[in-house]
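This report concerns only the one structure given below.
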Amino acid sequence: MKRLIVANWKMHFGPSGASTLAEKLRAAVKTDPNVTVVLCPPSIDLLTLAKDVDQNQFSLGAQNIFYEDEGAFTGEISGPMLDGLARYVIVGHSERRHIFGEDDKMVAKKVAAVLRNQLKAILCVGEQLSEREGGVAEKVVTDQLTAALHGVGPDDLPNLAVAYEPVWAIGTGVAAKPDDVEPIMKTIMATLTRLYGEEAAAKVPLLYGGSVNQDDAKAYLDLPDVNGLLVGGASLVAETFAAIVKTAQSLA
Ligand code: PGA
């Protein structure tokens, strides 16, 4: 399976800063048919980057979407608006869940909106520290995944990737140990298999995210069930992100 390396720039850079970073990445990252690189800037930068970026080199993604296509929803951006600007959308990121109060039902509606608009969903799931310490990490992830995929049919699976992002590892510098990641990936794959069958499930890329850096990227990509990475902080610096992409390319 093609590896998928996703940069989540979060709320960093306006259009000119985003252009500058994309330009540095253009020079630093080689195109490789075995590795898809997705840049997810703030939505306000997508128009600029869609013009600047060679989409054979980088795909573009949005960090969020609203679940209705049009209407009186102040401040929101819909699937049809992303037409021609983004191919991927991150859905259910823990910052959306915990800072903006998105619950499983809303995440499910957003996944449906992404798929209905012929975009690709990068669905994030992950437990909080207290849940891990309480021994319920696998249950939390399974419940989040099952709820988010309510209404997703087997035909939609080619447009789905699942990112396991333990909340306690995001932006903390405390990445999850590969040994702790692998059982959760197996749980995710088992859930997808239960819902859609083995053949369809096996085609869904599974990503790890949470304090990934250039030194530990390989350890996650070496795990049998991991097909890619969702990178936050380390994607804000061209050299670091390019090094992570290079690592993926060297394994592909
Ligand atoms: P981080 O963020 O790499 O800064 O931990 C990852 C994410 O939130 O997607």
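Counting convention: from 1, in listed order, for ligands and their atoms alike. This one's a predicted model, so the numbers in the text were calculated from it and none came from an experiment.
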- Query: Can you tell me if CG on L129 sees more than 12 non-hydrogen neighbours from other groups inside 6.0 Å?
  - Reply: yes
- Does a side chain donor of either N159 or K120 reach within less than 3.5 Å of an acceptor in the other side chain? yes
Which pairs of N or O atoms, one from ligand 1 and one from the protein, are separated by less than 3.5 Å, and what is the distance for each pair?
unit_1   : atom_1 : unit_2 : atom_2 : d
ligand 1 : 2 (O)  : K10    : NZ     : 3.2
ligand 1 : 3 (O)  : S211   : N      : 3.4
ligand 1 : 3 (O)  : G232   : N      : 2.9
ligand 1 : 4 (O)  : G233   : N      : 2.8
ligand 1 : 5 (O)  : G171   : N      : 2.6
ligand 1 : 5 (O)  : S211   : N      : 2.7
ligand 1 : 8 (O)  : K10    : NZ     : 2.7
ligand 1 : 8 (O)  : H93    : NE2    : 2.6
ligand 1 : 9 (O)  : H93    : NE2    : 3.3
ligand 1 : 9 (O)  : E165   : OE1    : 3.3
ligand 1 : 9 (O)  : E165   : OE2    : 2.8

- Not counting sequence neighbours, which residues clear salt bridge (charged side-chain N to carboxylate O under 4.0 Å, His left out) with K10? List them please. E95
- Note on the structure: Apart from V140 itself, its cluster of hydrophobic side chains linked below 4.5 Å comprises V136
- Task: Could you name each residue pair satisfying ring-ring contact (aromatic ring centres under 6.0 Å, His included) that touches residues 191-246, not counting sequence neighbours?
- Result: Y208-Y220
- Heavy atoms from other residues, nucleotides or ligands near NE2 of H150 exceed 12 (cutoff 6.0 Å): no
